[in-house]
4 protein chains.
Amino acid sequence: MNIGFIGLGIMGSPMAANLLKAGFAVTGYDVSAERVRRLAELGGKGASGVVDAVAGADVVVTMLPDSPQVEEVAPLVVEYGKPNLLYVDMSTIKPETSREVARKAAAVGVRAVDAPVSGGERGAVDGTLSIMVGGAPEDVEAARPVLERLGTTIVHVGPAGAGQTVKAANQLVVGGIYGLVSEAIVLLEASGVDPAAGLDVLAGGLAGSRILDLKRHTMVKREFAPGFRIDLHHKDMGIALAAARAAGVSLPLTGQVAQLVAAARAQGHGSLDHSALLKVIERLNAA
Amino acid sequence: MNIGFIGLGIMGSPMAANLLKAGFAVTGYDVSAERVRRLAELGGKGASGVVDAVAGADVVVTMLPDSPQVEEVAPLVVEYGKPNLLYVDMSTIKPETSREVARKAAAVGVRAVDAPVSGGERGAVDGTLSIMVGGAPEDVEAARPVLERLGTTIVHVGPAGAGQTVKAANQLVVGGIYGLVSEAIVLLEASGVDPAAGLDVLAGGLAGSRILDLKRHTMVKREFAPGFRIDLHHKDMGIALAAARAAGVSLPLTGQVAQLVAAARAQGHGSLDHSALLKVIERLNAA
Amino acid sequence: MNIGFIGLGIMGSPMAANLLKAGFAVTGYDVSAERVRRLAELGGKGASGVVDAVAGADVVVTMLPDSPQVEEVAPLVVEYGKPNLLYVDMSTIKPETSREVARKAAAVGVRAVDAPVSGGERGAVDGTLSIMVGGAPEDVEAARPVLERLGTTIVHVGPAGAGQTVKAANQLVVGGIYGLVSEAIVLLEASGVDPAAGLDVLAGGLAGSRILDLKRHTMVKREFAPGFRIDLHHKDMGIALAAARAAGVSLPLTGQVAQLVAAARAQGHGSLDHSALLKVIERLNAA
Amino acid sequence: MNIGFIGLGIMGSPMAANLLKAGFAVTGYDVSAERVRRLAELGGKGASGVVDAVAGADVVVTMLPDSPQVEEVAPLVVEYGKPNLLYVDMSTIKPETSREVARKAAAVGVRAVDAPVSGGERGAVDGTLSIMVGGAPEDVEAARPVLERLGTTIVHVGPAGAGQTVKAANQLVVGGIYGLVSEAIVLLEASGVDPAAGLDVLAGGLAGSRILDLKRHTMVKREFAPGFRIDLHHKDMGIALAAARAAGVSLPLTGQVAQLVAAARAQGHGSLDHSALLKVIERLNAA
């Protein structure tokens, strides 16, 4: 099976490598020629452009930074893809954009699914991503052999755009828990309580979470090496708000969390791990 | 060892029973004579009032609804307790009240620790509570043989009031996660995505939490039998805000969560489980 | 002077009429043929399309619902406008869109200013709008003779996009004051205080505002005939959040107000006056 | 008529002086002997304590910092006041405390009204305060001759506690408008728009308010000399939240504004004017 892979960044590059390892023929493209060259070194084929990567592919995978890039690339995939092409967009973008892409693809016989991921660079390298897939059941099944080389949890969550909606829901919950844990730390410290001991108790009870398990020690020590950057989480909170707006719903905590993440960015922490939301709550309270 | 136990409600009653089972002599008191009678049936001794329960006790445990009850009972414990009495208040109250109780107790040689719990009625019955203890190290050690009959996790988190501060931090995180999960559900449903499938993905990744593990199925089905009631969580959010005010800190998400919990109560859901915060977010969005 | 006027809705129609009354030659276009016909009855000239309205115009005015319509119409204005055309967009849209329009216009010698208004249908009919103008000083001066027929306050607030930014700031303040007054009413009523008497005091002191002056009586009586509709204010809060995002700033109250306005819309009050934000706060608190 | 006046601080001192000027016999008390001495210099009588100030008074006025001081002084007023005493508490405190004071006073035949003020030190000196009065109609009428010497707007807003509720509503609106104007300024500046020009437009339209009229120039110049201090507004937001809790209502914006004011205090701006809320929004956005 021939796979065209577009977007060979921090996430896309190891994902394409995993597909190569699994025996797929992968033709890759990225705006950075250096990245294309590295894929070729691993046994892939370098493409000269999107159209070149799409030509002859049975499956096209895109892993792009944001909605505008998808809006630019997707029409080319749809136009130059062969009949019955399976198009798997794994970027995290607005659900509306995914629905729009699927609509236009269907009009010319291309089968599009949206399949955003969570699990970060680590998950991309190890092939242990969680993948949330939206699309027609038969198209999702068709994509499964590819997706299973990239992640360990592949869940079909609904029609086109549903993968993105679930990703948006994931990110609003993650951002919110970081905010809550940050407020807990600030309250504990200001009250003269050892935050490490306090968070240990929280982690063991109903307040427990993956974030407390993985990040409470680094947060208390103010270690914010990424991980997943504030800049990306800021982008994702924008997607969550756009998804809420498109769905016609009011999400008050999400609205608040989005502004806190925006503050982290405004304060210059865009390149830190998203747990650096603590720095915003801390500064709100520093003399 | 003689234990005076004051407050035999939903939590206090099974806790006192566990102390009896462990071989302690327990003299209990409650404003409800019926509850006192039930303790006597289990082998305890019924007291006619607080002073009667305190007289002769080596350890006094109180498990009361809120700060005002502790402010009423604690002075009697301190005044009528025997020299060197160990006073363990397990109520969830304002950290400031606990610090004040400890100060007044110390002045007359009574050793006070604050030891609020999490784990609910189930934990009280099974003796599996998590207990956050504030006080002098030697007093906390002295209390440990009693506390170990009531809970499985006993953590000394700091000086007097620290137990309450950690409990407050716990409750603000729990309330906040309920709010975030509620917003995720509303977003998924309004976008035409099956919330059960969506939350399954969230539960398996960085958005995962004890609350998603335990409550996502009942929340999606709108089953809100308590559990821990909204009324109590409303009380606890008031404690969290008071603790923040006393510590001089600003907690923006906590401030917001407190108002959402207040709305749940205003809407008449005070007797439902705290996961019923979903009803507030849902109603915010219902035509 | 020949004016091309595009967008003859509730606002645009009386504005175009005022320009006719002032002696300008106005060629109008709207997607509704009926509206074009009505302009012709007033002495204007009906155009068959955007290009037709633009051809021969010295000044083009657009008054369109939102950014997408401007993104569709503006390129035609720029392409088919005569050399040195003055293009005045009076729609309320994202500042970024206005900056983009100005950039593309400048590239071909068209002078674009953004001039959103406040004052509503009443102000449009009476020619008493407040107009916030962004653009180069000489272009704003060139537009002034036209704008002075439409409004009584015309303020040049900065370069391209600045008009829109000021409008966004205006709308976030207006939405926020409605929310605050709503919370005041709900608190007063729930406390057994006559809200009319209470708001009278507020209106006379530091809490006083145009909104309290104009709307407190109708709000207390729950009269919500528009005025300015929730649907439009919802659009405008989206613009305010987009402007904040583009400027890289965190606006926590604005984030919250946007969700309350979104709730008003989700609850089906989109066609009511924006003072109907009270219905959201009220419902949050109704059993 | 003999007036006992307790609390001779920044507000109370000029108020007592105005009553002296109006010809009332005023016996004053304060914890500061120096302040009592100054009242005596103006022709008043210095009292040695609360009981001394109350003895023989026809009317007692208290102007104290917060609920705890009123809870300490009011019982003495009620116990030592002569039969049918009129007790006018002008402090800004929790509505619940005022209701409790009125209840206890009524039990022994003392007539209590709550009469908090707005207008600040300037209004106290000039006798131009706005006074919100809660109590029985005949008691409010009895107090009017005294109140008319202190303020120009005296409004009877409801039963005992109603004055405090209206004051709380006033303060939540004032705090909120400061927050909104601060966000407007930050958005304008970050977008390259002159904030003075922008706020001029807002002040002239539906976004207009007393705060924009009085404070926009100083806010833009970052001049924050008090005026009304952040510390006091922080106290008042606590009262507003307590009033909401007592009334059983959820006020989401108020909850948020309270945390922003708390941040201003945590950042060390407690002694600045409440318009210094701008510093919080600014810092949230500073690199």
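Residue numbers begin at 1 in each chain, while the letters A, B, ... track the order of the sequences. Side-chain atoms are counted along with the backbone in the values below, which use heavy atoms only and exclude waters and symmetry mates.
A:A258 is linked by a side-chain contact (heavy atoms from CB on, under 4.5 Å) to A:M237, A:L241, counting only residues two or more places apart in sequence or in another chain.
Of the listed residues (A:A244, A:G255, A:S250, A:G238), the one with the most heavy-atom contacts under 4.5 Å to chain C is A:S250.
To the nearest 0.5 Å, the span separating CD on A:Q256 from CD on C:Q259 amounts to 9.5 Å.
Atom CD1 of C:I10 is surrounded by 12 or fewer heavy atoms from other residues, nucleotides or ligands within 6.0 Å. Residue A:E223 places its CD atom among more than 12 non-hydrogen atoms of other residues, nucleotides or ligands, all under 6.0 Å distant. Within 6.0 Å of OH in A:Y80 there are 12 or fewer heavy atoms belonging to other residues, nucleotides or ligands. Surrounding NZ of A:K215 are more than 12 heavy atoms belonging to other residues, nucleotides or ligands, all under 6.0 Å away.
Within residues 263-281 of chain C, the residues having any heavy atom closer than 4.5 Å to a heavy atom of chain A are C:A263, C:A266, listed by residue number.
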